[in-house]
S.K.: 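This structure is in structure tokens; I'll ask about it shortly.
Remember, it's a predicted structure, so these values are computed and weren't measured experimentally. Worth knowing before you read on, the calculation uses all heavy atoms, side chains too, and leaves out hydrogens, waters and symmetry mates.
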Amino acid sequence: MKKVYFILILLVIGGGAFAGMNQGYWRWRNDDGSETSATWSGAQTTAINYTSPTNVLRIRTEIYSTATGSQQALQLQYSTDNATWISIGAYNPTAAFNLAGSDSYVTDQAATTKQLPSSNATTYAGGVSMINTTSYYLVLSSKRTTEFEWFILGTASTLDNQTYYFRVANTGSSTNGNPSLTTSFTPLPVNLTGFSATGNSNKNIVQWSTASEQNCADFTVERSSDANTWSAIGTVKGNGTTSVAHNYSFIDAEPLNGINYYRIKQNDIDGQYYTSVTKQVNFKTTITAMASPNPAKGIISFKTNAGITNVQTLLTRVSGEIVHQQKFSSIQTNAINRLNMAAVEPGVYLLNIKSKEFSTIIKVIVE
């Protein structure tokens with residue numbers, strides 16, 4: 001099912017759908033900075049060469065209204081003939097382009113500022129960055145302009161020496177023509193034909209498959225809680241150079257509570273690497289915490305039965321007096337977490353543990 005999000009840029013009085021959105025100026029960008037600092041990979045309304053299907057591309061598109069009020073579900077599409085259009089969405093190895101899924105510089109749906117000229121409007125209303133969001137429902141008042149930035153990535157199905165055209169669905173034709181690029185690269189060293197991540201009881205299973213491999217040393221499985229900051233959680237050996245299909249899997253036995261993002265980094269023998277698109281699993285478990293040991297002897301420690309991130313702890317006396325505060329960027333399942341403080345005086349304390357996913361207060365006795 002397509003993900004549809006709502007944005008109200010300016011108040012439109014009344015109801016019903018309106019036509020009147022057009023695509024205006026556009027420009028290709030490199031994925032090397034924020035939405036204001038990323039460098040341009042080509043001149044305005046000028047096609048570029050795409051040299052590696054493993055590189056994230058960003059296309060900035062102006063969208064403007066010409067009617068009293070306009071509202072449309074916007075989605076980026078591609079074509080090889082400017083006639084038959086294919087929508088760009090989540091991971092699909094048979095499509096030539098997918099959404100990037102994640103990015104090191106910009107978060108999905110981050111606001112955009114004005115970077116392009118205006119076609120026929122004087123008032124700018126902020127748009128969004130489309131990294132993992134398939135479709136976006138836009139409401140735009142008359143004579144207003146906005147800009148969307150789309151983050152896309154080639155696949156094993158991206159053809160070499162091929163010109164691809166792009167457009168924003170549900171908008172009128174652009175007087176500047178549709179954005180386009182021409183590919184010029186050699187095939188990927190690893191033909192990744194499948195990638196999935198699923199929850200199973202108290203663990204998550206990451207699976208992927210290849211049709212062929214060239215100089216493949218291994219695969220690193222990476223996980224993130226926000227699709228921005230990634231950590232390696234395991235490595236699976238590759239098969240060097242082979243034309244035989246192979247299936248791979250990795251079990252995340254200690255997933256984070258909440259949404260877990262996964263991606264595969266394929267590492268070549270010569271040190272080169274290629275990163276896949278992103279998959280996610282919403283892992284839910286009832287989190288519990290305990291002080292260990294309790295009663296404690298001068299040192300207070302605790303553990304949880306599930307991994308959590310961005311944890312704040314507050315130790316107080318029963319009277320409410322704060323004794324110690326401490327933050328943990330992440331806590332692993334059943335790992336012992338010690339409060340970094342000198343020996344605690346004997347007495348009764350309250351340990352408040354809080355994160356986005358969890359909150360509890362534990363009575364701790366120190367002997």
S.K.: Angle between ring planes, Phe219 versus Tyr248, binned at 30° and 60°: parallel, tilted or perpendicular?
M.R.: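 The arrangement is tilted - the two ring planes meet at 30° to 60°.
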
S.K.: Could you tell me if Ser87 and Gln77 have a donor-acceptor pair between their side chains, going purely by distance under 3.5 Å?
M.R.: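 The criterion, which ignores hydrogens and geometry beyond distance, is satisfied for Ser87 and Gln77.
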
S.K.: Out of the candidates Leu74, Val128, Thr123, Leu138, only one should pair with Thr146 under the side-chain contact (heavy atoms from CB on, under 4.5 Å) rule; please name it.
M.R.: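 The residue from Leu74, Val128, Thr123, Leu138 that satisfies side-chain contact (heavy atoms from CB on, under 4.5 Å) with Thr146 turns out to be Leu138.
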
S.K.: In terms of side-chain heavy atoms, does Thr182 have a donor or acceptor partner in Thr163 at a distance below 3.5 Å?
M.R.: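 Thr182 vs Thr163: donor-acceptor pair found between side chains.
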
S.K.: Flag yes if Ile233 and Leu256 sit in one hydrophobic cluster, no otherwise; membership is Ile, Leu, Val, Met, Phe, Trp, Tyr, and two members link when side-chain heavy atoms are under 4.5 Å apart.
M.R.: no

S.K.: Would you please indicate yes or no on a ring centroid separation below 6.0 angstrom for Tyr105 and Phe151?
M.R.: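 So the answer is no for these two rings.
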
S.K.: If only side-chain N and O atoms count, and only distance matters, is there a donor-acceptor pair under 3.5 Å linking Asn215 with Asp268?
M.R.: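 Looking only at side-chain atoms, Asn215 and Asp268 do not form any donor-acceptor pair under 3.5 Å.
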
S.K.: For the residue pair Thr171 / Asn22, report whether a side-chain donor-acceptor contact shorter than 3.5 Å exists.
M.R.: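 The criterion, which ignores hydrogens and geometry beyond distance, is not satisfied for Thr171 and Asn22.
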
S.K.: Over all heavy atoms of both residues, which pair between Ile336 and Ser292 is shortest? Give the atoms and the distance, please.
M.R.: CD1-OG, 4.3 Å

S.K.: Is there side-chain contact between Ile264 and Val206, with heavy atoms separated by less than 4.5 Å?
M.R.: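 The answer is yes, as the side chains (C-beta and beyond) meet within the 4.5 Å cut-off.
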
S.K.: Less than 3.5 Å apart, any donor N or O on the side chain of Thr220 or Asn267 sitting next to an acceptor on the other?
M.R.: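 Their side chains do contain a donor-acceptor pair, which is all the 3.5 Å distance test asks for.
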
S.K.: Check the side chains of Tyr78 and Thr158 for a donor-acceptor pair under 3.5 angstrom, ignoring hydrogens and angles.
M.R.: no

S.K.: Without hydrogens or angle criteria, can the side chains of Ser249 and Gln207 be said to hold a donor-acceptor pair below 3.5 Å?
M.R.: no

S.K.: Going hydrophobic residue to hydrophobic residue with side-chain gaps under 4.5 angstrom, can you get from Ile287 over to Leu351?
M.R.: yes

S.K.: How about Phe166 and Trp28: are their ring centres within less than 6.0 Å of each other?
M.R.: yes

S.K.: Would the distance check show the side chain of Thr304 and the main-chain N or O of Ala289 forming a donor-acceptor pair, the cut-off being under 3.5 Å?
M.R.: no

S.K.: Step through the shown structure and confirm whether more than 12 heavy atoms of other residues, nucleotides or ligands are within 6.0 Å of NZ on Lys354.
M.R.: no

S.K.: Checking Ser65 side chain against Met21 main chain: does a donor-acceptor pair fall under 3.5 Å?
M.R.: no

S.K.: Run Tyr50 and Ser41 through side-chain hydrogen bond (donor to acceptor under 3.5 Å, both in side chains) and show every step you take.
M.R.: CA-CA 10 Å; Tyr50 187 35; Ser41 54; over 6 Å; no

S.K.: Give a yes or no on whether a salt bridge exists between Glu35 and Arg58, defined as a side-chain N under 4.0 angstrom from a carboxylate O.
M.R.: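 Arg58 and Glu35: not salt-bridged.
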
S.K.: When the ring centroid of Tyr136 is compared with that of Phe148, is the distance short of 6.0 Å?
M.R.: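 Yes; Phe148 has its ring centre under 6.0 Å from that of Tyr136.
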
S.K.: Taking Asn260 for the side chain and Gln280 for the main chain, is one N or O donor matched with an acceptor at less than 3.5 Å?
M.R.: no

S.K.: Please check if atom CD in Glu367 has more than 12 non-hydrogen atoms from other residues, nucleotides or ligands closer than 6.0 Å.
M.R.: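 Yes, enclosed.
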
S.K.: Keeping the roles fixed (side chain from Asn310, backbone from Ser355), state whether a donor-acceptor pair exists under 3.5 Å.
M.R.: no

S.K.: Check whether NZ of the Lys or CZ of the Arg Arg60 lies under 6.0 Å from the centre of the six-membered ring of Trp26 and within 45 degrees of that ring's axis.
M.R.: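 Arg60 over Trp26 ring: no.
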
S.K.: Taking atom types as modelled and ignoring hydrogens, do the side chains of Ser212 and Ser243 form a donor-acceptor contact shorter than 3.5 angstrom?
M.R.: no

S.K.: Do Glu62 and Thr145 pair up side chain to side chain, a donor and an acceptor below 3.5 Å, judged on atom types alone?
M.R.: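 Note: Glu62 and Thr145 side chains meet the donor-acceptor criterion.
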
S.K.: Are Trp85 and Ile63 grouped together when hydrophobic residues (ILVMFWY) are joined by side-chain heavy atoms under 4.5 angstrom apart?
M.R.: no

S.K.: Would Lys279 pass as a cation-pi partner of Tyr262, given that its NZ or CZ must be under 6.0 Å from the six-membered ring centre and within 45 degrees of the axis?
M.R.: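 Relative to the ring axis of Tyr262, which defines the angle, Lys279 lies outside at least one limit.
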
S.K.: Any side-chain donor-acceptor pair under 3.5 Å between Asp81 and Ser79?
M.R.: yes

S.K.: Kindly work out whether a path of hydrophobic side-chain contacts (I/L/V/M/F/W/Y, heavy atoms less than 4.5 Å apart) joins Phe358 to Ile331.
M.R.: yes

S.K.: Identify the heavy atoms of Tyr164 and Thr183 that sit nearest to each other, and give their distance.
M.R.: CE1-CG2, 3.9 Å

S.K.: Indicate whether any N or O donor in one side chain lies under 3.5 Å from an N or O acceptor in the other, for Asn30 and Thr39.
M.R.: yes

S.K.: Say whether Thr113 and Gln115, considering side chains only, have a donor N or O and an acceptor N or O under 3.5 Å apart.
M.R.: yes

S.K.: Minimum heavy-atom separation for Val106 to Gly33, with atom names?
M.R.: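 Here Val106 and Gly33 meet closest at CG2-O, 4.0 Å.
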
S.K.: Side chains of Thr61 and Trp150 only: does a donor on one sit below 3.5 Å from an acceptor on the other?
M.R.: yes

S.K.: Count I, L, V, M, F, W, Y as connected when their side-chain heavy atoms are under 4.5 Å apart, and connections chain through other members. Are Val323 and Ile362 then in the same cluster?
M.R.: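 Same cluster: Val323 reaches Ile362 through Ile, Leu, Val, Met, Phe, Trp or Tyr contacts under 4.5 Å.
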
S.K.: Restricting to non-hydrogen atoms, name the atom on Lys265 and the atom on Tyr273 that form the minimum distance, rounded to 0.1 Å.
M.R.: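 Looks like CD-CD1, 3.4 Å.
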
S.K.: Starting from the C-alpha separation in whole Å, work towards a yes-or-no answer on side-chain contact (heavy atoms from CB on, under 4.5 Å) for Ile299 and Arg338.
M.R.: CA-CA 8 Å; Ile299 297 174; Arg338 177 178 171 178; 3.3 Å; yes

S.K.: Is Asp252 salt-bridged to Arg223, cutoff N-O under 4.0 Å?
M.R.: yes

S.K.: We want to know whether Asp31 and Asn55 form a side-chain donor-acceptor pair, criterion being a heavy-atom distance below 3.5 angstrom.
M.R.: no

S.K.: Give the minimum heavy-atom separation between Ala291 and Val364, together with the two atoms involved.
M.R.: CB-CG2, 3.9 Å

S.K.: Under the criterion side-chain contact (heavy atoms from CB on, under 4.5 Å), which of Leu314, Leu339, Ile300, Thr316 is the partner of His324?
M.R.: Leu339

S.K.: Test side-chain contact (heavy atoms from CB on, under 4.5 Å) on Arg27 and Tyr25 and set out the steps.
M.R.: CA-CA 7 Å; Arg27 194 173 183 182; Tyr25 290 100; over 6 Å; no

S.K.: Would you say that more than 12 heavy atoms from the other residues, nucleotides or ligands in this model lie under 6.0 Å from the NZ of Lys203, or not?
M.R.: yes

